[in-house]
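Just the heavy atoms: all of them, side chains too, but no hydrogens, waters or symmetry mates, feed the values below. Numbered from 1 within each chain, the chains take letters A, B, ... in sequence-line order.
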Amino acid sequence: MVRVRFAPSPTGKLHLGGLRTALYDYAYAKNQGGKFILRIEDTDQTRFVEGATENLINSLKMMGLDFDEGPTFQSQRLDIYKKYALQLIEQGDAYYCFCTQKELDLARQRQKELKLPTKYPETCRNLPQEEVEKNLAQGLPYVIRLAMPKDKDFVIFDKVRGKVKIDSSLLDDQVILKSDGFPTYHLAAVVDDHLMEISHVIRGEEWLYSTPKHIHLYDCLGWKPPIWVHLPLILNENKAKLSKRDGDFSVGAYLEKGYLPQAIINFVALLGWNPKNEQEIFDLQYLCDKFSFKAVNKAGAVFDERKLEWMNGQYIRKMDLQELADLLKKYFIEAEIDISDEQKYLKVIDVAKDYLVLLPQVVPHSKMFYQELEFTDEDLALLHAQESQAVFGYYLENLPNCEDYEQFVKTASAELGIKGKAYFFPLRLALFGNSSGPNIPILLDILGKEESKKRLEKVML
RNA sequence: GUCCCGUUCGUCUAGUGGUCUAGGACGCUGGCCUCUCACGCCGGUAACAGGGGUUCAACUCCCCUACGGGAUGCCA
C-alpha cells in the first residue's frame with residue numbers, strides 16, 4: 001500500500017516549492033491507488049507563524065489536493081518522540097548532551113578558522129554514567145544526540161538519483177531531542193513516517209545529505225526504512241533555491257495576482273517532471289494518470305513566470321464562458337462597475353478573454369463598455385475631422401433601422417465612400433475610446449443601439 | 001573549507017550508443033488572417049560546459065576540470 005505524506009512546517013505560507021512537493025505526493029498516491037496524508041511539522045516553537053497551518057491547508061484545498069488522512073500535528077505527539085529518544089539512550093545509540101550554546105558556537109567557530117569540517121566535537125558522547133546522572137539530577141538543560149557510527153558507509157537508494165554513498169565519518173551527532181522537549185525534524189519525521197506507515201518519503205533535495213541519519217535511526221529502532229525520493233529544487237532567476245527574499249512565491253500570492261489554480265498546478269507540475277510526450281497543457285487527473293518518478297528530473301528548475309503567464313492565458317481562453325464570467329465578477333464589483341445586464345456582461349467577457357493574461361486585467365480591458373469615455377486632444381482632433389463627422393452622421397441617421405450590424409457596417413462604408421482606417425478608427429474611438437480594439441459590429445452589438453447612439457452624439461459637433 | 005547533488009537553446013524540457021543536419025514549449029522575431037489590437041495559424045532564432053578516455057560509433061558510458069546548487073543548526 002502506497003502511503004505518502006506532505007509534511008510542511010507552519011513557518012509561512014504554502015509556496016510554489018511546497019506545492020510542487022505536495023502535487024507529486026498527491027499524483028503518486030493517486031497513481032498507485034494509495035493515500036495522501038498531511039502532517040504538520042510544528043516542532044520549532046521559535047519559528048511558528050500564526051495562521052500558517054490554516055494557510056497551508058487552505059492553499060492545498062484551493063489547488064484541489066485533498067488529503068486522505070490528517071492533518072496530524074507533531075506538537076501533539078511529544079511524548080511519543082521522547083519515548084523513542086529514551087529508548088535510543090537505553091540502547092546506547094543516543095546520549096545526553098549538556099553542552100551550552102556558547103560552547104557549541106565557539107567550537108564551530110574554531111573549526112571554521114582551522115578550515116575543518118564543522119561538526120559537533122562529541123564532548124558528551126562518552127560522559128561517565130555518574131556525571132550524566134548528576135547533571136540530570138541538578139536539572140541541567142540537556143539535549144539528546146544520536147550517536148552516529150564510525151567508519152560506516154551509508155548507501156541511499158534514491159528513486160530519482162539512484163545510488164548515493166555517504167561516509168559516516170563526515171556525519172554529525174545530530175540533536176534529536178531539543179532542550180525544550182521537542183524533537184528535531186530528524187527524530188520526529190522518522191518516528192512518524194514509521195508509525196504512519198509511510199511507504200515513500202518524497203521531499204526536497206535539501207534533505208538528501210541528512211538521509212543517512214534517518215537511515216541510521218531506522219536501523220537503531222529496528223524499523224524498515226521507506227523508499228527515498230528526493231526532488232530537485234525550484235530555483236529563482238539566479239539559480240538559487242527559491243526563498244522569501246526573492247519575493248512572495250506563495251500560492252496565495254499567485255491566486256491573488258489572478259492566476260487560475262489549474263494553470264498553477266499545470267505549470268508547477270512541469271517544473272521537474274514531464275509526461276514524456278509533447279503535451280504541455282494538462283489537468284490534475286492527467287498528471288495523476290501519467291506520473292512516475294522515472295520522469296522526474298535531477299537538476300533544479302528555474303521558475304519562469306512568463307511561461308506561467310502564457311499558460312494562464314491558455315486556461316482563460318479554454319474555460320467555459322459562463323464559468324469565466326462568474327469568476328471575473330468580483331473584479332467588476334471591486335471596481336464598482338455595474339454588470340447587472342447579464343447578457344451584455346457575457347458578451348463583454350467573451351471579447352475581453354482574448355486579451356487576458358491575468359484575471360484582474362479584465363477591468364481595464366472592458367470598463368469602456370460601462371463607463372463614459374474620455375478623450376485626449378489628439379482623439380478629439382480625429383473625432384472632429386470632417387470625414388469622421390460624416391460617418392457619425394450616417395450612423396446616427398441609419399443605425400436605428402439596422403438589423404444586421406455586420407452588414408450595416410459594410411453598407412455604410414460603401415455608401416459613404418470611406419473605408420479602412422479612416423472609417424474604422426474614428427468609429428472605434430467614439431464607441432470604445434480607443435482606435436484599436438474589437439471589431440465595430442461587435443462593439444455595436446455589445447453597446448446596443450441606444451448606447452451607441454449616445455456615444456456618437458457625444459462626439460458630434 | 002568539507003561532503004553531497006547537478007550541468008542539452010535565455011527559460012522549462014525531449015533524448016537512455018547509431019534514427020541528432022539535436023525535437024517540443026515559453027520568450028524574442030518574420031509572415032498570414034485583418035481597418036486596428038488581441039486571439040489563432042505558419043516560419044525563423046538559439047543548446048549537448050571543457051578536456052581526456054571506452055567504442056567502428058558518444059548528447060548518451062567512465063575519469064578529470066570548471067561552473068552552479070544543496071548540506072554543514074537545540075530550522076525544517
Side-chain angles (χ1 to χ4, degrees), chain A residues 7-12 41-44 46-47 97 99-101 104-105 108 111-120 141-145 156 158 160-161 164-167 169-172 174-186 188-189 203-212 230 232-233 235 237-241 267 270-281 294-295 297-311 313 317 351-357 365 409 413 419-425 427-429 432 434-440:
Chain A
S9 63
T11 54
E41 311 224 318
D42 50 350
T43 54
D44 186 354
T46 64
R47 290 207 312 156
C97 167
C99 294
T100 64
Q101 198 58 57
L104 295 173
D105 289 345
R108 233 187 314 268
Q111 287 164 338
K112 266 194 177 149
E113 279 163 13
L114 295 170
K115 303 205 166 182
L116 258 56
T118 50
K119 54 182 286 194
Y120 176 61
Y142 67 87
V143 301
I144 295 176
R145 286 182 186 271
I156 305 159
D158 186 276
V160 346
R161 264 147 243 282
V164 178
K165 279 192 203 124
I166 294 171
D167 177 353
S169 67
L170 279 343
L171 267 17
D172 219 351
Q174 194 66 236
V175 171
I176 54 172
L177 199 82
K178 300 183 255 189
S179 56
D180 62 2
F182 278 67
T184 59
Y185 172 87
H186 308 283
R203 66 209 332 185
E205 193 190 358
E206 69 265 31
W207 291 109
L208 183 60
Y209 194 65
S210 35
T211 304
H230 289 93
L233 267 14
L235 279 15
E237 335 173 80
N238 302 320
K239 297 189 180 270
K241 185 167 137 184
F267 180 74
L270 247 10
L271 250 29
W273 177 87
N274 75 84
K276 298 290 173 195
N277 57 35
E278 284 177 355
Q279 185 173 345
E280 293 210 284
I281 302 288
K294 261 187 254 153
N297 292 117
K298 293 180 174 73
V302 174
F303 170 74
D304 179 10
E305 192 161 344
R306 282 179 306 181
K307 189 157 180 175
L308 210 208
E309 286 181 346
W310 164 78
M311 201 171 267
R317 257 151 255 137
V351 166
K353 72 174 199 294
D354 280 351
Y355 293 84
L356 304 184
V357 166
H365 275 111
V409 170
S413 173
K419 56 184 183 178
K421 290 181 186 177
Y423 174 64
F424 290 105
F425 277 28
L427 267 176
R428 186 148 37 230
L429 191 54
F432 187 66
N434 199 311
S435 56
S436 70
N439 296 336
I440 303 300

Both distances under 3.5 Å, Watson-Crick or G-U wobble: report the partner of [N], or none.
N: B:C35; answer: none
N: B:U21; answer: none
N: B:C3; answer: B:G70
N: B:A76; answer: none
N: B:G30; answer: B:C42

What is the separation between atom [atom1] on [X] and atom [atom2] on [N], rounded to the nearest whole Å?
X: A:Leu170; N: B:C5; atom1: CG; atom2: C1'; value: 15 Å
X: A:Asp354; N: B:U34; atom1: CG; atom2: P; value: 17 Å
X: A:Trp273; N: B:C12; atom1: CH2; atom2: C1'; value: 14 Å
X: A:Asp167; N: B:C5; atom1: CG; atom2: P; value: 13 Å
X: A:Asn434; N: B:C35; atom1: CG; atom2: P; value: 18 Å
X: A:Lys165; N: B:C4; atom1: NZ; atom2: P; value: 11 Å

- Query: Is a donor-acceptor contact shorter than 3.5 angstrom present between the side chain of A:Arg428 and the base of B:C37?
  - Reply: no
- Task: Measure distances between side-chain N and O atoms of A:Asn439 and base N and O atoms of B:C35, and say whether any donor-acceptor pair falls under 3.5 Å.
- Result: yes
- Query: NZ/A:Lys165 to CD1/A:Ile156 distance, rounded to the nearest 0.5 angstrom?
  - Reply: 12.0 Å
- Item | Separation between NE2 of A:His186 and OG1 of A:Thr211, rounded to the nearest 0.5 Å | 10.0 Å
- Task: Salt-bridge test for A:Lys307 and A:Asp304: reply yes if a basic N is under 4.0 Å from a carboxylate O, no otherwise.
- Result: no
- Message: Taking A:Lys298 first and then A:Glu205, would you say they form a salt bridge - that is, a charged N and a carboxylate O separated by under 4.0 Å?
- Response: no
- Query: Relative to the 5' end of RNA chain B, which residue comes earlier, A:Arg317 or A:Ile166, by the nucleotide with the nearest heavy atom?
  - Reply: A:Ile166
- Message: Judged by each residue's nearest nucleotide on RNA chain B, which is more toward the 5′ side, A:Lys115 or A:Asn277?
- Response: A:Lys115
- Query: Does A:Ser9 reach the side chain of A:Arg47, with side-chain heavy atoms less than 4.5 Å apart?
  - Reply: yes
- Message: One character per nucleotide, please: for nucleotides 15-29 of chain B, 5' to 3', B when the base has a protein heavy atom closer than 4.0 Å, S when only the sugar-phosphate does, - otherwise.
- Response: S-------SBBSS--
- Task: Mark up nucleotides 71-76 of chain B, 5' to 3', with B wherever a protein heavy atom is under 4.0 angstrom from a base atom, S wherever such an atom reaches only the sugar-phosphate, and - elsewhere.
- Result: SSSBBB
- Applying the side chain to side chain contact (heavy atoms under 4.5 Å, CB included) test to A:Lys421, which of A:Phe424, A:Phe425, A:Tyr423 qualifies? A:Phe425
- Task: Would you indicate, yes or no, if B:A14 has its OP1 or OP2 atom less than 4.0 angstrom from a side-chain nitrogen or oxygen of A:Asn297?
- Result: yes
- Message: So, OP1 or OP2 of B:U11: does either fall under 4.0 Å of a side-chain N or O from A:Lys239?
- Response: yes
- Looking for any heavy atom pair under 4.0 Å, which part of the strands does A:Gly204 touch: base, sugar-phosphate only, or nothing? nothing
- At under 4.0 Å between heavy atoms, what does A:Leu116 touch on the DNA or RNA strands: base, sugar-phosphate, or nothing? base
- Between A:His230 and A:Arg203, is any side-chain donor less than 3.5 angstrom from a side-chain acceptor? yes
